[in-house]
Amino acid sequence: MPDQSLPKARTPEATPGERDASLAHEGISRRRLLGTAGATGLVLGTAGAAVGYAAAPSEAAAPLTSLGTDRAMFHGKHQPGITDGLQARGHVLAFDLAAGAGRKEAAALLRRWSETARRLMAGEPSPHDDTDVARDAGPSSLTVTFGFGHSFFARTGLEKQRPTALDPLPEFSSDHLDKNRSNGDLWVQIGANDALVAFHALRAIQKDAGRAARVRWQMNGFNRSPGATSHPMTARNLMGQIDGTRNPKPGEADFDQRIFVPEKGEPAWMANGSYAVVRRIRMLLDDWEKLSARAQEDVIGRRKSDGAALSGGTEATAMDLEKTDAKGNLVVPINAHARITRPDQNGGAAMLRRPFSFHDGIDTDGVPDAGLLFICWQADPLRGFVPVQRKLDRGDALSTFIRHESSGLFAVPGGAAEGEYVGQRLLEG
């Protein structure tokens with residue numbers, strides 16, 4: 001945006017209303033008068049600091065803030081929205097191909113979606129019939145991610161290309177799944193640090209589907225906005241607990257091995273891709289909030305204030321599973337959620353959790369319909385999500401306060417190279 005000076009101040013006799021009208025007449029928007037600075041941090045755990053200021057009458061108009069200018073890249077080795085920092089707003093949705101639509105229509109759709117995602121992530125308008133919803137905003141860390149469900153391959157005649165890792169998840173005793181809000185032929189994840197930017201992308205993707213596919217289900221979520229805390233910290237969920245402490249980090253030696261399909265993995269079209277497990281987990285907040293803070297900490301196994309293990313230290317201190325109190329009781333209860341989910345308690349099973357919280361109003365019985373849109377990434381769900389969930393199913397203290405209401409598993413191929421669209425190696429291979 002070109003640098004422009006604010007208009008000269010009016011005479012002292014001017015009323016506030018006259019001043020406002022003058023500013024509106026000369027095209028001075030709130031974005032140009034008010035600036036903030038912020039930065040996103042590491043995956044699933046950090047949010048940068050933010051500083052707000054109002055432009056003085058003699059100052060030049062403020063440019064787009066870092067919140068608006070932050071940009072994720074569409075083209076790359078991996079699809080966006082996997083290792084990028086948590087965004088403040090999110091939409092996840094699944095589509096089913098329309099009756100009669102097959103491989104050809106799916107390829108055309110993924111080509112349209114990829115071009116739309118590339119443009120929107122660059123802060124440009126959508127290729128056709130842009131709604132102008134995000135006209136005044138920058139990219140705002142927008143990411144758009146695409147995946148294929150188990151049913152997609154039969155619909156397109158590509159059954160031989162369906163990965164064995166995409167076999168349906170086993171049933172768990174804690175499941176209360178709504179089939180209408182589970183699975184789907186195609187999956188899309190949208191995230192951004194501005195609500196209108198995220199919604200703009202959602203509408204563009206929905207419109208691009210045209211007659212080729214229809215929405216099967218859609219869910220909307222949120223996280224803490226970048227800069228909302230005084231220092232970078234791990235995110236909190238709607239139970240007030242710090243969530244994501246032991247998440248794998250991109251700098252770790254075995255990160256790629258745990259999260260992404262190898263370059264020479266099977267099938268070949270999934271090279272550098274990942275598998276996303278998506279679950280709508282309802283939190284029974286009324287019951288949870290009846291517990292004392294100490295009882296809540298025993299359920300999780302970590303302090304609510306700073307995320308440190310009950311065995312002591314800081315959030316980053318390794319949990320001492322054998323430590324006992326003066327009475328000989330384990331300091332971290334045997335059924336504590338954090339104890340059960342540890343990779344060393346599950347044969348090394350690990351997954352990258354990248355969720356959104358949700359709140360969809362109040363049920364007819366007067367309780368909040370709220371919880372976690374749980375999204376986790378792994379190279380193979382049979383070595384990531386499944387063993388951990390089976391362990392949780394057998395005795396997690398947290399299971400009393402949550403309910404799994406929908407589920408989906410999707411194969412998310414690697415990133416598209418310049419000039420390619422997502423899934424091209426599958427659909428044109």
Side-chain angles (χ1 to χ4, degrees), residues 41-47 85-86 174 223-224 228-249 252 258 279 281-285 287-357 370-376 384-385 387-404:
L42 296 177
V43 172
L44 265 190
T46 62
L86 283 178
S174 58
N223 284 304
R224 178 169 275 163
T229 56
S230 61
H231 61 279
M233 61 179 294
T234 310
R236 288 187 186 273
N237 59 36
L238 298 189
M239 288 180 161
Q241 299 289 153
I242 288 179
D243 190 347
T245 297
R246 289 186 58 83
N247 228 20
K249 296 175 177 58
E252 296 171 350
R258 290 179 169 191
R279 296 210 137 200
I281 303 177
R282 177 83 166 266
M283 292 178 174
L284 309 181
L285 295 178
D287 294 336
W288 174 256
E289 291 163 4
K290 291 175 184 176
L291 298 180
S292 67
R294 181 50 198 261
Q296 291 177 353
E297 291 177 339
D298 284 342
V299 168
I300 302 299
R302 291 185 174 275
R303 292 201 298 256
K304 196 169 184 178
S305 60
D306 58 6
L310 297 184
S311 54
T314 67
E315 182 184 355
T317 303
M319 183 177 289
D320 183 351
L321 299 180
E322 305 303 322
K323 186 174 182 179
T324 57
D325 60 19
K327 296 180 179 179
N329 298 316
L330 288 169
V331 174
V332 180
I334 197 69
N335 62 347
H337 182 75
R339 173 192 283 269
I340 294 174
T341 57
R342 284 171 57 96
D344 57 8
Q345 301 294 300
N346 295 281
M351 50 195 166
L352 176 65
R353 290 165 289 153
R354 195 177 184 277
F356 292 96
S357 293
L372 196 69
L373 298 181
F374 176 87
I375 304 170
C376 72
F385 173 78
V388 176
Q389 187 58 35
R390 277 178 171 157
K391 189 82 171 287
L392 291 171
D393 222 30
R394 292 196 293 267
D396 176 24
L398 185 59
S399 63
T400 304
F401 304 97
I402 61 174
R403 187 167 61 227
H404 292 243

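Computed from a prediction, not measured in an experiment: that's the story for all the values here.
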Qualifying residues under side chain to side chain donor-acceptor pair (under 3.5 Å), relative to Arg279, sequence neighbours excluded: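 With sequence neighbours excluded, Arg279 shows a side chain to side chain donor-acceptor pair (under 3.5 Å) to Asp175, His404, Ser407, given in chain and number order.
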
Listed by chain and number, what are the side chain to side chain donor-acceptor pair (under 3.5 Å) partners of Asp396, not counting sequence neighbours?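 Per chain and number, Asp396 pairs via side chain to side chain donor-acceptor pair (under 3.5 Å) with His337.
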
Closest approach of [X] to [Y] (non-hydrogen atoms, all atoms of both residues):
{"X": "Leu310", "Y": "Asp298", "value": "CD1-OD1, 3.6 Å"}
{"X": "Pro343", "Y": "Ala350", "value": "CG-CB, 4.5 Å"}
{"X": "Arg236", "Y": "Ser305", "value": "NH2-O, 2.8 Å"}
{"X": "Gly313", "Y": "Ala308", "value": "O-CB, 3.3 Å"}
{"X": "Glu315", "Y": "Asp306", "value": "CB-O, 3.5 Å"}
{"X": "Leu352", "Y": "Pro248", "value": "CD1-O, 3.6 Å"}

Identified side-chain contact (heavy atoms from CB on, under 4.5 Å) counterpart of Ile300 within the set Arg302, Arg303, Lys304: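 Checked Arg302, Arg303, Lys304 against Ile300; only one passes side-chain contact (heavy atoms from CB on, under 4.5 Å): Arg302.
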
Closer than 3.5 angstrom, by distance alone: can the side chain of [X] be matched with the main-chain N or O of [Y] as a donor-acceptor pair?
{"X": "Asp393", "Y": "Ser174", "value": "yes"}
{"X": "Asn223", "Y": "Pro355", "value": "yes"}
{"X": "Arg354", "Y": "Gly85", "value": "yes"}
{"X": "Trp288", "Y": "Met283", "value": "no"}

If you define the side chain from C-beta out and look only at heavy atoms, does anything of Ile340 sit under 4.5 Å from Leu398?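 Answer no - side chains too far apart.
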
Side chain proximity check, Thr317 to Ser311, heavy atoms < 4.5 angstrom: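 No, their side chains stay 4.5 Å or more apart.
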
Kindly write out the residues that satisfy side chain to side chain contact (heavy atoms under 4.5 Å, CB included) with [X], not counting sequence neighbours, or none if the list is empty.
{"X": "Leu321", "result": "Met319, Arg339, Arg342, Gln345"}
{"X": "Arg394", "result": "Arg390, Lys391"}
{"X": "Lys290", "result": "Asp287"}

Enter the distance from [X]:[atom1] to [Y]:[atom2] here, rounded to the nearest 0.5 Å.
{"X": "Leu238", "Y": "Asp243", "atom1": "CG", "atom2": "CG", "answer": "10.0 Å"}
{"X": "Leu86", "Y": "Arg224", "atom1": "CG", "atom2": "CZ", "answer": "11.5 Å"}
{"X": "Ile402", "Y": "Arg282", "atom1": "CD1", "atom2": "CZ", "answer": "12.5 Å"}
{"X": "Thr324", "Y": "Asn329", "atom1": "OG1", "atom2": "CG", "answer": "8.0 Å"}
{"X": "Thr234", "Y": "Gln241", "atom1": "OG1", "atom2": "CD", "answer": "12.5 Å"}
{"X": "Asn346", "Y": "Leu392", "atom1": "CG", "atom2": "CG", "answer": "7.5 Å"}

Give the ring-plane orientation class for Phe374 versus Phe385, where under 30° counts as parallel, over 60° as perpendicular and anything between as tilted.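 Tilted: the ring planes of Phe374 and Phe385 meet at 30° to 60°.
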
Contacts of Arg246 that satisfy salt bridge (charged side-chain N to carboxylate O under 4.0 Å, His left out) - sequence neighbours left out: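 For Arg246 there are no salt bridge (charged side-chain N to carboxylate O under 4.0 Å, His left out) partners, ignoring immediate neighbours.
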
